[in-house]
Amino acid sequence: MKIAILSRNKRLYSTNALYEAGIKRGHDMRVIDYVRCHMEITSMRPAIYLGSEKLEGYDAIIPRIGATYTHFGCAVVRQFEMMGVTSVNESVAISRSRDKLRSLQLLARKGIGLPVTGFAHDPRTTEALIDQVGGAPLVIKLLEGTQGVGVVLAETRKAAESVIEAFRGLNANILAQEYIKEAGGADIRCLVVGGKVVAAMKRQGKEGEFRSNLHRGGTASVVKITPEERSTATRAASILGLNVSGVDLLRSNHGPVVMEVNSSPGLEGIERATGKDIAKMIIEFIEKSGKGEKATRTKGKG
Ligand code: ADP
């Protein structure tokens, strides 16, 4: 098959792993910097270019869209879909998962366990917002944050009020969340490919840190997940419509709760921790789903 990986940098671990896995399985692989693409939006003949080159003949794309380029990146993915190219994750699903609030609302509607979460705009609602998530301690998150940046644990009500005020002063969108203390600074990353959890790892924040992000000094180890955790992860991925995703769970007293579903999960940490070749599984998934129209459900709609 002719497969394009939409990524800004060939040398990134995940991009390179997917490229090599595809080559090993006999595919014609190429990494395309989607930010440099331009599109021709005409009815009946949608086209996409990289410089003066028209990109044609692709059977499938693997989008690895960075958070900074969600909007443009999703437009590129949508353009490929309109041309009948299969995308491992469809553009609608990627944009859904990038909007933290929208994804939490979609998951809540289907009864997925979530930390009690509140969202508000008006500063006069701060008090009510804090009460709604059960008072202090609570977690306050910037909606635009990634890798744990802008995720704050407010130990007291006063601290929570100050943080909310400060973020609001910067015109930032925030949400407040019940603090899952019993998770003990750890979370579980489940890698879901084609409706199955193919690998899971536990990330533990460093001493004195409630955030477990590997970029913040957290460490990863293999973990055996429960059937309930497994089904929560696969259901969350399917509700958002993602074929490949990283579902982050916290172990709470009221069962597994979903914190986030990531549409371009990093492969390095989880491949190292579990010894599994996830890039190969993603390529095999593409082979199984087949080409074009059949595999693309939305064909660029929505
Ligand atoms: P990001 O998307 O920036 O990584 P997350 O929402 O995943 O932000 O939060 C970063 C880390 O903080 C998580 O991996 C988890 O360890 C911790 N964390 C986030 N929310 C909660 C919460 N409600 N209760 C306990 N720990 C949390």
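One-based numbering, in listed order, for ligands and for the atoms of each.
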Distance-only polar pair, side chains of Glu81 and Ser91, donor-acceptor under 3.5 Å: yes

Under 3.5 Å donor-acceptor pairs involving side-chain atoms of residues 23-36, not counting sequence neighbours:
unit_1, atom_1, unit_2, atom_2, d
Arg25, NE, Glu287, OE1, 3.3
Arg25, NE, Glu287, OE2, 2.8
Arg25, NH1, Glu284, OE2, 3.4
Arg25, NH2, Glu287, OE1, 2.9
His27, ND1, Met1, N, 3.0
His27, NE2, Glu287, OE2, 2.7
Arg30, NH1, Glu53, OE2, 2.9
Arg30, NH1, Tyr58, OH, 3.1
Arg30, NH2, Glu53, OE1, 2.9
Asp33, OD1, Arg8, NE, 3.0
Asp33, OD1, Val35, N, 3.2
Asp33, OD2, Arg8, NH2, 2.9
Tyr34, OH, Gly66, N, 2.9

field: No-hydrogen, no-angle side-chain donor-acceptor test under 3.5 Å, His254 and Glu178
entry: yes

task: Select all protein residues for which some heavy-atom-to-ligand 1 distance is less than 4.0 Å, and list them by chain and number.
output: Lys100, Val139, Lys141, Gly145, Thr146, Gln147, Gly148, Val151, Gln177, Glu178, Tyr179, Ile180, Asp187, Phe210, Arg211, Ser212, Asn213, Leu250, Met259, Glu260

- prompt: For residues Tyr13 and Glu271, is any side-chain donor paired with an opposing acceptor at under 3.5 Å?
  reply: yes

side-chain contact (heavy atoms from CB on, under 4.5 Å) partners for Asp248, two or more places apart: Asp187, Arg189, Arg203, Met259, Glu260

task: Just jot down the side-chain contact (heavy atoms from CB on, under 4.5 Å) partners of Glu182, sequence neighbours excluded, or say none.
output: Ile180, Ser252, Asn253

